[in-house]
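Please read the structure below before turning to the comments.
The basis for the numbers below is simple: all heavy atoms, side chains too, and nothing from hydrogens, waters or symmetry mates.
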Amino acid sequence: MRTHTYGELSAANIGQQVRLAGWVNRRREHGEHLAFLDIRDHTGLTQCVVDNSVDVRAEFVVAVTGTVTARVEGTVNTDISTGEIELQDCTIEILSAAEPPPFPIDERADKVDEMVRLKYRYLDLRRERMQRNLRIRSKVNAAIRAAMAGQDFVEVETPMLMPSTPEGAREFLVPSRQKPGSFYALPQSPQLFKQLLMVGGLDRYYQIARCLRDEDLRADRQYEFMQLDMEMSFVEVDDVLSAAEVGVLDAAEAVTGVRPNEVPRITWHDAMERFGTDKPDLRFGMELIELTGVFANTGFKAFSSANSIKGIKVDGGALRYGRNKLDGLTDEAKSMGAKGLVWLKVVTSEEENSQKLAFQSPVAKFLSEDETAAIISAMQASEGDLILIVADEWTTTCEVLGELRNRIGRPPVHDGPYHYLWVVDFPLFVGVDPATGRPRPGHHAFCHPHPEDLDKLESDPMSVRAWAYDLVLNGWELGSGSIRIHDPVLQRRVFSLLGIDDEEADRRFGFFLEPFKFGAPPHGGFAYGIDRLTAILAGESNIREIIAFPKPSSGIDPMTSSPSEVEASQLDELGIRVLPQAE
RNA sequence: GGUCCCGUAGUGCAGUCUGGAGUGCACGCCGCCCUGUCAAGGCGGAGGUCGCGAGUUCAAAUCUCGUCGGGACCGCCA
């Protein structure tokens with residue numbers, strides 16, 4: 001049907017008779033016997049010179065037979081790769097007529113209401129941006145597959161229909177026809193199956209797996225998303241991180257042409273101390289500075305009662321942050337659980353002939369001269385800086401300042417440079433279940449405690465680290481994983497801490513635990529979100545832009561109108577009755 | 001469930017604060033003109049439930065209340 005694509009033609013083809021096929025991009029009329037047609041395919045576009053009687057307009061699908069000709073002097077277009085040539089003596093064959101599209105098929109559609117783009121996604125996909133994004137995605141997938149296969153990982157598909165496990169994310173349920181009243185669940189992840197593959201002796205498993213979670217949608221979350229899911233036997237943490245890194249870095253190199261440096265590692269505790277979050281964005285500084293010692297003997301009540309005091313410094317922020325903005329930050333801090341937010345503007349002292357720095361702040365009068373000097377020294381502050389201090393429980397202090405740091409300093413996620421980061425040694429338990437009074441697992445109940453902390457499991461469970469780790473890119477969590485418990489005795493100890501006795505464990509996790517009685521290898525794994533990785537590599541801040549057919553945050557697809565009602569007979573067959581909607 | 005922002009021709013916008021007739025602007029569309037453009041150009045034309053509903057007013061795109069839709073974020077996402 002075609003001898004060439006539109007983007008590949010150049011002066012080297014001059015004189016050749018070619019046949020091309022594609023969409024009419026634009027038509028320029030110049031009188032009765034001359035018109036220019038820019039015709040486009042996914043590779044680019046070429047100008048065709050035709051008689052004005054040719055009856056086509058934008059988005060018609062045509063086949064063109066013509067002769068590649070050098071453009072006459074003065075008409076070369078240096079803006080496009082095919083600008084030196086054009087097709088003369090064209091015969092246009094209409095393959096499909098087209099109505100005018102609802103929005104322009106070019107970069108102007110970037111500004112079109114996203115619902116309109118999604119309703120006509122097949123038109124949106126014709127645009128260079130979307131073509132590029134989907135091809136980047138394909139490269140990412142290919143690079144990851146090659147990286148995994150190259151490390152002797154075995155690609156195995158796991159079921160989409162699996163038992164419901166109420167822990168974790170809300171599941172999509174699928175009613176059973178053969179067993180009315182019973183349901184499958186769509187996988188939140190292949191977690192259970194990949195561990196059973198290890199028991200099954202696969203040694204190294206991977207899958208580009210579709211995962212489904214019925215939680216509210218966000219810029220970085222869809223109901224359906226793709227994970228590179230992997231699991232390895234006879235490994236320790238380093239083995240998993242090294243193996244996982246290869247795919248991520250290969251994908252990055254395939255897209256950007258630059259191989260990222262080795263991924264640095266930071267412990268969860270250090271991440272919280274320095275950045276106030278378990279997914280630090282390393283593209284900017286503004287690290288949390290420890291100030292607790294400065295106020296050991298303070299008379300300022302807000303600080304004397306707190307066991308963790310930290311601050312961040314906004315360079316030159318004193319002028320940019322007026323009372324309104326500071327009140328906004330204070331409200332933000334309070335909404336996150338802080339008792340308050342202390343702000344200090346660094347100014348030159350008002351004392352005559354003094355070069356000393358001082359604070360302009362509602363609380364300045366509560367701070368001693370020594371404390372003022374110590375803060376300025378610790379924060380390395382200079383005139384015009386803004387200092388924000390939170391004094392609270394350690395977790396609150398870190399989290400609040402981490403959020404303020406992001407809010408004030410964080411660039412859009414896709415702005416370079418890329419900073420990959422492993423966060424390791426997550427706590428085994430995070431917080432307490434208010435219903436049971438028991439610790440809650442930080443990752444999941446099958447996560448292996450750090451061996452050095454095993455003796456504290458019962459005596460001080462909240463201080464126990466886990467063999468769990470996250471991969472972070474520019475402040476986005478790309479993925480997480482852990483070494484799993486393969487020893488039933490240790491598993492029972494962890495369950496016991498969670499308040500799960502043998503009977504309950506058997507009831508909730510029986511089909512998953514029984515295999516471990518038959519000889520489970522030590523194993524661990526990891527999974528990372530391919531949508532998020534692709535979005536950042538493609539320079540997009542929303543994963544919808546790198547998904548062919550995404551859903552808006554309502555979950556309602558404007559193109560297909562799903563979800564939709566079904567025939568009563570379908571419900572009958574499944575034994576399902578729909579309740580009337582509550583008013 | 002919550003906070004903030006948005007909704008005006010097919011598309012993108014101005015107008016909304018400070019109420020006064022939708023001749024509003026650009027692109028697109030239709031017709032005519034035009035032999036070297038490349039977001040071609042010129043002339044003309046069609047195209048509107050100002051998201052929807054109530055209220056205030058002599059008068060509402062504009063003010064008020066409600067509602068629907070969309071976006072970002074919080075909750076949620078082991």
ask   = Does A/Arg544 have a side-chain nitrogen or oxygen under 4.0 Å from the phosphate oxygens OP1 or OP2 of B/A72?
value = yes
request  = Pick the P atom in B/G47 and in B/G42, then give their distance to the nearest Å.
outcome  = 23 Å
query = Taking the side chain of A/Thr75 as its heavy atoms from C-beta onward, which of B/G75, B/U37, B/A39 lies nearest to it?
reply = B/U37
Touch class at under 4.0 angstrom, heavy-atom based, for A/Gln191 against every strand present = base
message = Just to be sure I understand the rule, does A/Asp113 reach a base, reach only the sugar-phosphate, or reach nothing, if contact means heavy atoms closer than 4.0 Å?
response = sugar-phosphate
message = Are A/Trp422 and A/Phe526 an aromatic pair, judged by ring center distance below 6.0 Å?
response = yes
request  = Starting from the C-alpha separation in whole Å, work towards a yes-or-no answer on side-chain hydrogen bond (donor to acceptor under 3.5 Å, both in side chains) for A/Gln16 and A/Thr67.
outcome  = CA-CA 6 Å; A/Gln16 292 179 5; A/Thr67 306; over 6 Å; no
inquiry  = Looking at B/G19, which nucleotide sits across from it as a Watson-Crick or G-U wobble partner, both distances under 3.5 angstrom, or is there none?
reply    = none
query = Mapping A/Met115 and A/Pro100 to their closest nucleotides on RNA chain B, which lands nearer the 5' end?
reply = A/Pro100
inquiry  = Counting distance alone, no hydrogens or angles: does the base of B/U35 have a donor or acceptor under 3.5 Å from a partner atom on the side chain of A/Glu32?
reply    = no
key: Whole-angstrom distance between B/U23 and B/C50, as gauged at atom P   = 13 Å
request  = Kindly indicate whether the side chain of A/Arg71 and the base of B/C38 share any N or O donor-acceptor pair separated by less than 3.5 Å?
outcome  = yes
query = Just wondering, more than 12 heavy atoms not from A/Arg410 lying within 6.0 Å of its CZ?
reply = yes
key: Stacked pair A/Phe36-B/U37, distance under 5.5 Å, angle under 30°   = yes
ask   = At under 4.0 Å between heavy atoms, what does A/Glu84 touch on the DNA or RNA strands: base, sugar-phosphate, or nothing?
value = nothing
task = Scan every strand shown for a Watson-Crick or G-U wobble partner of B/A14, both distances under 3.5 Å, and answer none if you come up empty.
result = none
message = Mind checking if A/Asp220 touches a base, just sugar-phosphate, or nothing, with heavy atoms under 4.0 Å?
response = nothing
Selected nucleotide, minimal atom distance to A/Asp216 side chain, candidates B/G1, B/A39, B/C38 = B/G1
ask   = Without hydrogens or angle criteria, can the side chains of A/Gln222 and A/Asp531 be said to hold a donor-acceptor pair below 3.5 Å?
value = no
request  = Taking only the side-chain nitrogens and oxygens of A/Ser553, find out if one of them lies under 4.0 Å from OP1 or OP2 of B/G70.
outcome  = no
task = For this output row, return yes or no: ring centroids of A/Phe172 and A/Tyr223 closer than 6.0 angstrom.
result = yes
key: Side-chain donor-acceptor pair present, A/His33, A/Asn52, cut-off under 3.5 Å   = no
message = Under a 3.5 Å cut-off for both contacts, is B/A72 paired Watson-Crick or G-U wobble with anything, and if yes, with which nucleotide?
response = B/U3
query = Whom does B/C30 pair with, Watson-Crick or G-U wobble, provided both distances fall under 3.5 Å?
reply = B/G44
ask   = At under 4.0 Å between heavy atoms, what does A/Val50 touch on the DNA or RNA strands: base, sugar-phosphate, or nothing?
value = nothing
request  = Would you tell me if any nitrogen or oxygen in the side chain of A/Asn25 comes within less than 4.0 Å of OP1 or OP2 on B/C38?
outcome  = no
Mate of B/C63 where both pairing distances stay under 3.5 Å, Watson-Crick or G-U = B/G55
inquiry  = What contact category does A/Arg117 fall into here, base, sugar-phosphate, or nothing, at under 4.0 angstrom with non-hydrogen atoms?
reply    = nothing
Ring centre gap for A/Tyr205 and A/Phe193 strictly below 6.0 Å = no
ask   = Considering Watson-Crick and G-U wobble pairs with both distances under 3.5 Å, what does B/U37 pair with?
value = none
message = Whether the side chain of A/Arg57 and the base of B/G28 hold a donor-acceptor pair under 3.5 Å is what I'd like checked.
response = no
key: Distance test, side-chain N/O of A/Arg213 to OP1/OP2 of B/C76, below 4.0 Å   = no
query = For B/C50, which nucleotide in any strand shown is its Watson-Crick or wobble partner with both distances under 3.5 Å?
reply = none
inquiry  = Is there, by distance only and without an angle test, a donor paired with an acceptor across the side chain of A/Glu86 and the base of B/G36 below 3.5 Å?
reply    = yes
ask   = If you measure from the C1' atom in B/G48 to the same atom in B/U35, how many Å do you get, rounded?
value = 39 Å
message = Using a heavy-atom cut-off of 4.0 Å across all strands, would you classify A/Gly83 as base, sugar-phosphate, or nothing?
response = nothing
task = For B/A59 and B/U18, measure between their C1' atoms and round to the nearest Å.
result = 16 Å
ask   = Can the ring centroids of A/Phe516 and A/His486 be said to lie less than 6.0 angstrom from one another?
value = no
request  = Kindly indicate whether the side chain of A/Arg26 and the base of B/A40 share any N or O donor-acceptor pair separated by less than 3.5 Å?
outcome  = no
inquiry  = Does B/U37 have its OP1 or OP2 closer than 4.0 Å to a side-chain nitrogen or oxygen of A/Arg28?
reply    = no
message = Within the 4.0 Å heavy-atom criterion, would you say A/Ser335 contacts the bases, only the backbone, or no part of the nucleic acid?
response = nothing
inquiry  = Between B/G51 and B/G7, how many Å separate the two P atoms, rounded to a whole number?
reply    = 8 Å
inquiry  = Suppose we define a pair by two distances each less than 3.5 Å, Watson-Crick or G-U wobble; what does B/A9 pair with here?
reply    = none
Same-atom distance (C1') from B/G10 to B/U16, integer angstrom = 24 Å
